[in-house]
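Only one structure is covered here, and it is reproduced in the block below.
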Amino acid sequence: MTEVVTRFAPSPTGYLHVGGARTAVFNWLWARKNQGRFILRIEDTDQRRNTPTATSQLISDLKWLGITWDEGPEVGGPKGPYLQSQRKEIYARYVQQLLDKGLAYYCLESTEDLARMRQQAQQQAGALIYRRPTTCPSAEQVRQAKAEGRPVAVRFAIPQDRPIVVHDLIRGRIEFDPAQISDFVILKADDLPTYNMACVVDDYLMGVTHVIRGQEHLNNTPCQQLLWQALFGDAPLPIYVHMAVTISQSGGKLSKRERPAALQAALAGMTDLDVASLARIGGIEPQQLEDFIAGKQSLDMPAVEAIAGALGLHLPEINIVDFRRSGYLPEAMVNFLALLGWNPGGNKEIMCIEELIQAFDLKRLTKANSLFDRGKLLAINTEHLKILATKDMPRLVRHLRAYLDEVRSPIRSADDQTLSRLIKICPGARTLADIEKKCRFAFIPTEQLTYDQVAWTKVMVQEGGLQVLPAIRQALEAIPPDQFTASTIEQTLRQIAQQAQVGLGKIAQPIRVAVCGSAVSPSIADTLELLGKPTTLARIDQALARKG
RNA sequence: GGCCCCAUCGUCUAGGCAGGUCUAGGACAUCGGGUUUUCAACCCGGCAACAGGGGUUCGAAUCCCCUUGGGGCUACCA
């Protein structure tokens, strides 16, 4: 039995996308399940699209998810380098081999030539299918073209003598007609290989046994298989596994465009817009914002996020960072991603990493595309939050701290013991953001406390909260400082409620609004204990003074 | 347009390959009720699906064909 080797091979064009993360999860799970190796390979052969920071961002997103690789950037390995841009000479050797064997040939068309040919083909049959001309450019012509700075590419000649049969682990036998497949470019004019070429060479050299990827690559597979056979003869092909893809609510691919689209839709639906100040927040011109709202112009991410943030708008999460910033747990993310297109067969859904590795099986991958459902993610996150709180509090505290740092919450100054306490007094929280929102009142100075006007009017004015507050204050003040604990506070408040013959809510809500400024916080006793006696009293006084 | 993949509740799916045990199971969402000091969580209950049409068969969600619908590819992107 040969060792299982899988790889995740993203092209570094930005943040790690959920779809990419899902591919990474499946490859990683399969390698771990089989005690095999998992490789991270960076496919940066497109010089125009790659951004310099993308690789490090990608790496930090994978690390956050808890995905570790045995070979790749940062950890190295025997088959490196793991950045394709650093493997140029390797690919060049293999391209030359194909050229020598007559299985590939040069072509000298310019981009404009190809565009013209494509247009012509469109009018007749459909797509352009490039075929080897009877006489290909000679070595002399190639040299001359290069000297003149004209583009020179190398194409692979698709053998036309037999159908191409691909075997896919979940889809079975798939037959392709070679007449439908264009002779594709393997070496670009910039001397870098194309995806199909680099992928095949690297998968072979790195000993990849299972190619697990999205089904958008299914049509590349005959090309890659042909290339593999031309280059490596009878060497066993990797096992191809084309997973169904994840699509968005709107139908197509889950795209980064969803975030700007959500913002645009929200802005377009607003009546009283302060375009000038919003544009300033986004760091753009008012006219640009107008055009964006009208759908005439796009905005870059920082601008989109700044404006959405100013409006308190929640944008749909697309990248792994988005989920991290929304307070999701990595183990919930991995659990959810794994369940998108796979399931263990029984009714078990909530699984920790170890359980996922145990249960994972490529044969149980689903064939149909699935819709990304954030509601389900939320539910899974809620479960994991609950599990971690009882089974691994230190770990949960680390997650919470990382989240607080990420969103620069005032709570981030608290020590670990306090964080663990916050988690305990927020038992039903769905995300780390819930905990932050619910507890931040205790970490801002009393004088900077803001009051939610709706809650204030309802609880303090309409329901007469301000009238009962002085008596409550008196009772709380009577509690000795060393006994100002949740249980004593609760006892005291219940007594007041009983004597006044009202429900606890009539007592608790006015205090809550007075000390938190809002109608939402942990249970009232926990809230006051967290605040401490002096602050509690000071805030009640401040609230009482507020009525004027 | 051409080629490839796919099709069970609103969503993720079990069941399909080895046809009867499926009056189709679970989870999320939703709705109703309960608990409750707010939010959330929690408990109980309800609604809800085999895309359509033809075959094969004693019998089809399951096998075959067609239609329809969805997705992907059709780059010197990956």
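In what follows, every chain begins at residue 1, and chains take the letters A, B, ... in the order their sequences are listed.
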In whole Å, measure the gap between the [atom1] atoms of [N] and [M] for me.
{"N": "B:G70", "M": "B:A60", "atom1": "P", "value": "30 Å"}
{"N": "B:A78", "M": "B:C22", "atom1": "C1'", "value": "44 Å"}
{"N": "B:U57", "M": "B:G16", "atom1": "P", "value": "23 Å"}
{"N": "B:C4", "M": "B:C44", "atom1": "C1'", "value": "49 Å"}
{"N": "B:G53", "M": "B:U30", "atom1": "C1'", "value": "33 Å"}
{"N": "B:G46", "M": "B:C3", "atom1": "C1'", "value": "47 Å"}
{"N": "B:C28", "M": "B:A48", "atom1": "C1'", "value": "13 Å"}
{"N": "B:U74", "M": "B:G59", "atom1": "C1'", "value": "45 Å"}

What is the distance from [atom1] of [X] to [atom2] of [N], rounded to the nearest Å?
{"X": "A:L362", "N": "B:C17", "atom1": "CG", "atom2": "P", "answer": "21 Å"}
{"X": "A:R173", "N": "B:C4", "atom1": "CZ", "atom2": "P", "answer": "12 Å"}
{"X": "A:I380", "N": "B:G26", "atom1": "CD1", "atom2": "C1'", "answer": "13 Å"}
{"X": "A:H217", "N": "B:A75", "atom1": "NE2", "atom2": "P", "answer": "16 Å"}
{"X": "A:K367", "N": "B:C4", "atom1": "NZ", "atom2": "P", "answer": "16 Å"}
{"X": "A:L365", "N": "B:G16", "atom1": "CG", "atom2": "P", "answer": "17 Å"}
{"X": "A:L114", "N": "B:U74", "atom1": "CG", "atom2": "P", "answer": "15 Å"}
{"X": "A:L504", "N": "B:U37", "atom1": "CG", "atom2": "P", "answer": "6 Å"}

(request) Please list residues of residues 148-157 of chain A whose heavy atoms come under 4.0 Å from any atom in RNA chain B, ordered by number; otherwise none. (result)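 Residues of residues 148-157 of chain A under 4.0 Å from RNA chain B: A:P151, A:A153, A:R155.
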
Every protein N/O lying under 3.5 Å from an N/O of nucleotides 9-12 of chain B:
residue: B:C12; atom: OP1; partner: A:L371; partner atom: N; Å: 2.8
residue: B:C12; atom: O2'; partner: A:L339; partner atom: O; Å: 3.4

Identify the nucleotide, in any strand shown, that forms a Watson-Crick or G-U wobble pair with [N], with both distances under 3.5 Å; if there is none, say none.
{"N": "B:U30", "answer": "B:G46"}
{"N": "B:U68", "answer": "B:A7"}
{"N": "B:G1", "answer": "B:U74"}
{"N": "B:U56", "answer": "none"}

Give a yes or no on whether a salt bridge exists between [X] and [Y], defined as a side-chain N under 4.0 angstrom from a carboxylate O.
{"X": "A:R116", "Y": "A:D113", "value": "yes"}
{"X": "A:R93", "Y": "A:E89", "value": "no"}
{"X": "A:E349", "Y": "A:K376", "value": "yes"}
{"X": "A:D203", "Y": "A:R41", "value": "yes"}

(message) Can you list everything that forms a side-chain contact (heavy atoms from CB on, under 4.5 Å) with A:A332? Sequence neighbours excluded, please.
(response)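 A:L329, A:I380, A:N381, A:H384.
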
Of the listed nucleotides [options], the one nearest the side chain of [X]:
{"X": "A:R494", "options": "B:U13, B:U37, B:G1", "result": "B:U37"}
{"X": "A:F176", "options": "B:U38, B:U13, B:C3", "result": "B:C3"}
{"X": "A:A368", "options": "B:C6, B:U38, B:C3", "result": "B:C6"}
{"X": "A:S11", "options": "B:A78, B:C76, B:C28", "result": "B:A78"}

(message) Taking 4.0 Å as the cut-off, does a side-chain nitrogen or oxygen of A:R171 come that near to OP1 or OP2 on B:C17?
(response)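 Indeed not, no polar side-chain atom of A:R171 lies that close.
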
(message) Whether A:N343 contacts B:A14 is assessed here as follows: a side-chain N or O lying under 4.0 Å from the phosphate OP1 or OP2. Is that the case?
(response)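 Answer is yes, contact under 4.0 Å.
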
(message) Between A:S110 and A:I524, which residue's closest nucleotide on RNA chain B lies nearer the 5′ terminus?
(response)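 Of the two residues, A:I524 wins.
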
(message) Need to verify one output field. Residue with the more 5' nearest nucleotide on RNA chain B, A:Q509 or A:D190?
(response)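 Checking each residue's closest nucleotide, the 5'-ward one belongs to A:Q509.
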
Across the strands shown, which category fits [X] at heavy-atom distances under 4.0 angstrom: base, sugar-phosphate, nothing?
{"X": "A:L218", "value": "sugar-phosphate"}
{"X": "A:A519", "value": "base"}
{"X": "A:R49", "value": "base"}
{"X": "A:R364", "value": "sugar-phosphate"}
{"X": "A:P10", "value": "nothing"}
{"X": "A:S521", "value": "base"}
{"X": "A:N220", "value": "base"}
{"X": "A:T13", "value": "nothing"}

(message) Side chains of A:S56 and A:T53 only: does a donor on one sit below 3.5 Å from an acceptor on the other?
(response)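 No - no donor-acceptor pair under 3.5 Å links their side chains.
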
(request) Evaluate whether atom CD of A:Q498 has more than 12 neighbouring non-hydrogen atoms of other residues, nucleotides or ligands under 6.0 angstrom away. (result)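 Atom CD in A:Q498 is not packed in, count stays at 12 or less.
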
Taking only distance into account, with no hydrogens and no angle test, what donor-acceptor pairs under 3.5 Å do side-chain atoms of residues 145-152 of chain A form with protein atoms, sequence neighbours excluded?
residue: A:E148; atom: OE1; partner: A:R150; partner atom: NH1; Å: 2.5
residue: A:E148; atom: OE2; partner: A:Q144; partner atom: NE2; Å: 3.2

(message) Quick check on side chain to side chain contact (heavy atoms under 4.5 Å, CB included): which of A:V515, A:I540, A:I479, A:T535 does A:L528 satisfy it with?
(response)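 Only match with A:L528 under side chain to side chain contact (heavy atoms under 4.5 Å, CB included): A:V515.
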
(message) Ring-plane angle category for A:F156 and A:F184, please: parallel below 30°, perpendicular beyond 60°, tilted otherwise.
(response)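 If you compare the ring of A:F156 with that of A:F184, the planes turn out tilted.
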
(message) Students often mix this up, so state it plainly: with edges at 30° and 60°, are the rings of A:F372 and A:F336 parallel, tilted or perpendicular?
(response)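 Correct class here is perpendicular.
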
Write down the protein N/O and nucleotide N/O pairs, taken from nucleotides 40-46 of chain B, whose separation is under 3.5 Å; answer none if there are no such pairs.
residue: B:A40; atom: O2'; partner: A:G428; partner atom: O; Å: 2.5
residue: B:A41; atom: OP1; partner: A:R430; partner atom: NE; Å: 3.3
residue: B:A41; atom: OP1; partner: A:R430; partner atom: NH1; Å: 3.2
residue: B:A41; atom: O4'; partner: A:G428; partner atom: O; Å: 3.4
residue: B:A41; atom: O3'; partner: A:K386; partner atom: NZ; Å: 3.3
residue: B:C42; atom: OP1; partner: A:K386; partner atom: NZ; Å: 3.1

(message) A cation-pi test, strictly: NZ or CZ of A:R155 under 6.0 Å from the centre of the six-membered ring of A:Y130 and no more than 45 degrees from its axis. Yes or no?
(response)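 Geometry flag: set, cation within 6.0 Å and 45°.
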
May I ask you to decide if [Y]'s main-chain N or O and [X]'s side chain share a donor-acceptor pair within less than 3.5 Å?
{"X": "A:Q225", "Y": "A:V165", "answer": "yes"}
{"X": "A:D434", "Y": "A:R430", "answer": "yes"}
{"X": "A:S518", "Y": "A:V520", "answer": "yes"}

Heteroatom pairs (N/O) under 3.5 angstrom, protein to nucleotides 32-34 of chain B:
none

(message) If you define the side chain from C-beta out and look only at heavy atoms, does anything of A:P81 sit under 4.5 Å from A:R87?
(response)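 They are in contact (side-chain heavy atoms under 4.5 Å apart), so the answer is yes.
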
(request) Evaluate the side-chain contact (heavy atoms from CB on, under 4.5 Å) criterion for residues A:D44 and A:Q86: first the C-alpha distance (whole Å), next the side-chain angles of each, then the deciding distance (0.1 Å), finally the verdict. (result) CA-CA 9 Å; A:D44 54 349; A:Q86 296 173 8; over 6 Å; no

